[in-house]
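Only one structure is covered here, and it is reproduced in the block below.
First the proteins, then the strands, lettered A, B, ... as listed; each starts at 1.
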Amino acid sequence: MYRYDEFDADFVRARVAQFSDQVTRRLAGEMTEEEFRPHRLMNGLYLQLHAYMLRVAIPYGTLSSRQMRRLAHVARTWDKGYGHFTTRQNLQFNWPALKDVPAILASLAEVEMHAIQTSGNCIRNVTTDHFAGAAADEIVDPRPYAEILRQWSSLNPEFSFLPRKFKIAVIGGPRDRAAMRAHDVGLEIRRNEAGAIGFRVFVGGGLGRTPMIGRELNPFVAEGDILAYIDAILRVYNLAGRRDNKYKARIKILVHEAGIDDIRQAVEAEFAVVRNGPLAVPAAEVARIRAYFAPPPLSDRPAVSTRLATASAADPAFARFVRLNLNPHRQPGYASVTISLKPIGGIPGDASAEQMEVVADLADRFAHGEIRVSHEQNLVLPHVALDDVPGLYAELAVAGLATANVGSATDIIACPGLDYCALANARSIPVASELSARFGDPARQDEIGPLSINISGCINACGHHHVGHIGILGVDKKGDEAYQITLGGSADEATSIGSIIGPGFSAETVVDAVEKVIDTYIALRVAPDETFIAAYRRLGEAPFKEALYGR
Amino acid sequence: MPFVITANRLDTGLAVYRDAVGAWSVHLDAAALLTETEAQMGLQAAGHDNAVVDLNIIDVSLDSGRPVPSRLRERIRAFGPTVKSDHRPSRP
């Protein structure tokens, strides 16, 4: 894992001291709320429906067990004993008091964490594949580049007052597990014919009220040029992005209005200016950063684990966990294990302080102390020996963390919605919980197969509803909650934006409507292995529309 | 329809309601029930109070004499999240 050097540590500590002073002055009435608000937002502190909310950055979703224990400590000491993992691989505390936030930030700084740039019109936490550095299908670990981007973008004065927020995702190969093309800039690592590492660069993706899929800006930017190239993109956006209307201020609107060719030309012109300057990334620096992300010492093991096979044969529930929650590791005899934060009927992404500590302990015992947060709001132990999976599963089961549902109908992404969020129009969590309970029977989930259901409580789309196979958007219909259903979205390498299937449903009928969509799929699929999204793409919306609304 | 003045406490961020003597309570039941004109005047009076932020007027109806906000958003704000019992300041 990346470790702070002296500069990083001083930088974060200085920021804590600065914000502590600002909080003191605000509480004493020496600053108005108007003066204070930009400062608190730049430190990840929002004022939500019930209370403040502190969004803690988890850079590229990587956490050590020590950091996880500290998050548990913060939850227990200054919050209500839990935290909420988000679709941006971050963690939110729903109940911190303003007067306690300096102490929270100081505590986080001790374990190299902060909340800088988790809000505001700046470059946000760079996200990546939660299996980075472990996945069998990866070309190279994307996290060193995410870290280089983090260092370049942290309090970068040129890009601290962008027209709007700016999100970057980087993935380590063609397989997209980070919704890369739904980001302002998406980077896909690839090799050229000579074998050199570079980046396929996408621009202008995003969800929200105007969902768009990122367009390819450049098929190959060399490793050493990547900062200069992204700097050039930001310069073009900073100058030409709209500032007259916040709903049209994201780079996706600029790309849409100017056209990808004009944007490419403008970026190339800026790139020619900044290339080979101070932003060139020397190979030695990449190597230095990469060394921090060296995989833990994994031993030579047989590709097939007899212990795991025996346990699977003896316990169908464990066999199901293995089938759904394990991802192939590049090292034979290992797997990445997803710990689902989607208990049946529960709240997606919530973890209690006790659960965080259990995960930290299990990471130490079974996974070299490393933990990941996925944008699907689950946790991952990236490096687990297959032989250890039965033991790990048993411990997870005791802690209520052994839900076997990754990629299934109950692995629902949901934003906090109107239960917590000041922007929401409708609740998300109750719909997620009800759907989860409806489809919670393992046999029913297995019958349905791979399916993503994503729920947002407003058009800002924190629940990524546009890219759910089934998307649900909460809206306010004359004071009542109503839910629009979109079908056909996808967040993987074949990214697609779902289409609204028809008029919305009430809170009482939306779960039945989703079940009707699912039953229609099951009735019409050519075989049980034709997935929902494949069947939808083959069939189109007509049979689903008919099932929901009649002819 | 009665009106109530609401805000969030500056120090804790918690949703609060203004009572008859201008103090703030997390309990909606403690709120002064006002006419629209009174509410506007109260809002102005509270505008300089550094103890709170995000001042607002909401309308409520009375259920057995106890105020219940008209909008769902404000009901959730007054009575806590519907999905977790982490905050139950004033369940009617």
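Expressed to the nearest 0.5 Å, how far OH of Y420(A) lies from NE2 of H87(B) amounts to 10.5 Å. Taking CG of D54(B) as the start and CZ of R37(A) as the end, the distance is 6.5 Å to the nearest 0.5 Å. If you take CG on L72(B) and CG on D480(A), they are separated by 8.5 Å, rounding to the nearest 0.5 Å. Put simply, CG on L14(B) and CH2 on W95(A) are 7.0 Å apart, with the number rounded to the nearest 0.5 Å.
Using a 4.5 Å cut-off between heavy atoms, E481(A) contacts chain B through its side chain alone, with no backbone atom that close. Contacts of Y82(A) with chain B are made by side-chain atoms alone, with heavy-atom separations under 4.5 Å and no backbone atom involved. Heavy atoms of P416(A) lying under 4.5 Å from chain B are absent altogether. Of the two parts of V53(B), only the side chain, counted from C-beta on, holds a non-hydrogen atom closer than 4.5 Å to a non-hydrogen atom of chain A. At a 4.5 Å heavy-atom cutoff, the contact between K80(A) and chain B is made by side-chain atoms alone. For chain A, the nearby part of N8(B) is the side chain; its heavy atoms alone come within less than 4.5 Å.
The neighbour count for K477(A) NZ, taken as heavy atoms of other residues, nucleotides or ligands under 6.0 Å away, does not exceed 12.
The nearest pair of heavy atoms linking L418(A) to I76(B) is O-CG2, 3.5 Å. Pairing each heavy atom of A15(B) with each of L49(A), the nearest pair is CB-O, 4.3 Å.
Per-residue counts of heavy-atom pairs under 4.5 Å with chain B were compared for L47(A), N425(A), I347(A), T32(A); the largest is that of L47(A). With respect to chain B, the highest number of heavy-atom pairs below 4.5 Å among I429(A), D419(A), L27(A) belongs to D419(A). Top candidate by heavy-atom pairs under 4.5 Å with chain A, chosen from V83(B), T12(B), V16(B), is V83(B). Chain B forms the most heavy-atom pairs under 4.5 Å with one residue out of P430(A), A28(A), G479(A), and that residue is P430(A).
R26(A) is listed as a side-chain neighbour of N50(B), based on a closest heavy-atom distance under 4.5 Å.
At least one donor-acceptor pair under 3.5 Å links the side chain of Y52(A) to the backbone N or O of L10(B).
Under a 4.0 Å N-O distance rule, the pair D476(A)/R73(B) does not qualify as a salt bridge.
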